[in-house]
There are 2 protein chains.
Amino acid sequence: MNNSKPVRPELREKVLRAVEETGFQPNAIARSLVSKETRIIGVMIPDISNNFYSNLLYGIDSVISEFDYSMFLAISDEAVEKERKYLRLFKEKQLDGIILSSIHFLEGHSQTLHEIEVPVVVTGHDLHGYQIPTVNVNNVQAAYDATAYLIGLGHRRIACISGPLWDPPCGLDRMGGYRKAMRAHGLPIPEGFVAEGDFTAKSAYEAAKRIFEEQERPTAIFVATDLMAVGVLNFLHDEGIRVPDDVSVMGFDNLEIASLTRPMLTTVHNDPYMYGRAAGEQLLKQLRGETVERMSTVPHDLVIRQSVKALV
Amino acid sequence: MNNSKPVRPELREKVLRAVEETGFQPNAIARSLVSKETRIIGVMIPDISNNFYSNLLYGIDSVISEFDYSMFLAISDEAVEKERKYLRLFKEKQLDGIILSSIHFLEGHSQTLHEIEVPVVVTGHDLHGYQIPTVNVNNVQAAYDATAYLIGLGHRRIACISGPLWDPPCGLDRMGGYRKAMRAHGLPIPEGFVAEGDFTAKSAYEAAKRIFEEQERPTAIFVATDLMAVGVLNFLHDEGIRVPDDVSVMGFDNLEIASLTRPMLTTVHNDPYMYGRAAGEQLLKQLRGETVERMSTVPHDLVIRQSVKALV
DNA sequence: GTGAAAGCGCTAACAC
DNA sequence: GTGTTAGCGCTTTCAC
């Protein structure tokens, strides 16, 4: 049946017929026990209701399913405890490879990662000092580019709403890129011009409210994720502040929603689907025994829509 | 280790210490081979990038993970061939239970479902004539209620953009509820007032464009999914037609996006998370050997926001 | 209480 | 080419 040996045609016929008649289906569990291979990839994400991660999954699935791997999905809910539990489970279930996205426990629990004996790819974290391959966008550079674009359009008073600090890529890095760009152009960052959101549109709505209570309002605002940018857009809409005439808004991610808002969101393209594909490909390479780069960076670029305007 | 037998405390100590020292981890594959249980649930959905399904997954995961089941995810991409492949895989992998969402192959390939020997729950399809438990909203009734609400507000010329016909719940059923409500109130349905979308915002944008080319424009429009309703909202915005002053828009699903649009979308609450929870609970019941109702209906209700206005 | 042995369904290695 | 067997790592059964 597995074509592992040459067989006489008539015998093959007979076997195939028997299979047909009895409705025989192989037991993958027993097979895995001896072959030491499950053809299942474990994927861990913090939050599936977030469009970013669901598209990441889509990207991963699209490449691994091509090679007859399937997906074991673990949702950690951002709980370190669950992350460790699932990591243990991944090992017990003898999964062939693991993709970890935006995990929390890195600091302090790093040893757990070393104990894993199967190929791993980490995404959403710069993992300096590890031998584990990572897939990331250059968040600092992307945020820098976005801010520099705003500056190039004549904006001087630019505010920033970052992601939460516990998520370094969306918090530290994107905020860092913004600061770097401002500094590089000799622009001041008034204290009230930076705020931290928690990924929800609501948190950004509130943050924008605080920013716009400042004496001097910004003419542009860089928001670390599209979903939060929608929150900002909504705040401005509700206040009767026009976008982009009164204030420009720059997002980050280029989620589906970015092209559904009015005005449509100018944003940084950071396609989680391509992200997932890259992570999947890195993992497959390892599975095939090929060597992989320690860090792969997926390219980003600016998507110019309607929410940003040049200052005259 | 499994506490299957009473043991002398000192021996237990010794074993536990050995486990600690050697870093022993049980092999779930070998265990499953003899126990005939994997504690894995197979979940099949057509499209993970769709927020509806990712929230469905979230709901499923939230109940099964509580009972130490995990999720094997299969994305069918709406391809019947893949659906059958994964169903076979589910069986080979000896998964303990299966949740099928919005599958396509039902008609004509029904026997495949009967061959499954593990508990199954189907969602997104009314499966009349099967013994398989289903979890659904009453789409006809919900669409009826939404339309009747519009009528109660004084609207007479009401258009409808349904889901694709290959998806009975969003296509046939929601359109059916609309027609039923119109008929019940003695209102005509001009030919140009009904259109079929394909779930994308873009398809609804185009459908709305066609509807608004009619001689007599509608005063309200019922759209079978929120994402498509956003497409309609955007068309109206781009045309300078005011919502809800010139035309009212009613959505369906109550996705996150419904509260992020301006005006905020009045819609039918059809929480995929609760949907997923219900499906997970039905499956767990079967797993425990309890009997389950053949059909469970999750409740729907109207969420009144800003996109619908009473006619004076 | 404890240790030994059978066997889950498969693959790989080996004799015929 | 073909049939037989050992053994993957566990649980269960049975004898001690």
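So you know, we letter chains A, B, ... as the sequences are listed, proteins then strands, and number each from 1. Remember, it's a predicted structure, so these values are computed and weren't measured experimentally.
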Legend entry - Contact under 4.0 Å: A/Arg31 side-chain N or O vs C/dT11 OP1/OP2: yes
Inset, instruction - Would you tell me if any nitrogen or oxygen in the side chain of B/Lys36 comes within less than 4.0 Å of OP1 or OP2 on C/dG9? - result: yes
Quick one: [X] [atom1] to [N] [atom2], roughly how many Å, whole number?
X	N	atom1	atom2	value
B/Arg8	C/dG3	CZ	P	8 Å
A/Ile29	C/dT11	CD1	P	13 Å
B/Glu13	C/dT2	CD	C1'	18 Å
B/Gln25	D/dG9	CD	P	14 Å
A/Glu37	D/dC8	CD	P	18 Å
A/Leu33	C/dG9	CG	P	12 Å
B/Arg39	D/dT11	CZ	P	14 Å

Inset, instruction - Among the candidates C/dT2, C/dC10, D/dG1, find the nucleotide nearest to the side-chain atoms of A/Asn27. - result: C/dC10
Legend entry - From C/dT2, C/dG9, D/dT2, nucleotide with atom closest to B/Val7 side chain: C/dT2
Inset, instruction - Answer yes or no: is there an ion pair linking B/Asp167 with B/Arg174, defined by an N-O contact shorter than 4.0 Å? - result: no
Inset, instruction - Say whether A/Asp77 and B/Tyr58, considering side chains only, have a donor N or O and an acceptor N or O under 3.5 Å apart. - result: yes
Legend entry - Donor-acceptor contact present, side-chain B/Ser203 to main-chain B/Asp198, <3.5 Å: yes
Inset, instruction - For side-chain hydrogen bond (donor to acceptor under 3.5 Å, both in side chains), just list the numbers for B/Ser101 and B/Tyr275, CA-CA rounded to whole Å, side-chain angles, deciding distance to a tenth of an Å, and then say yes or no. - result: CA-CA 10 Å; B/Ser101 174; B/Tyr275 230 78; over 6 Å; no
Inset, instruction - Pick base, sugar-phosphate or nothing for A/Leu11, based on heavy-atom distances below 4.0 Å to the nucleic acid. - result: sugar-phosphate
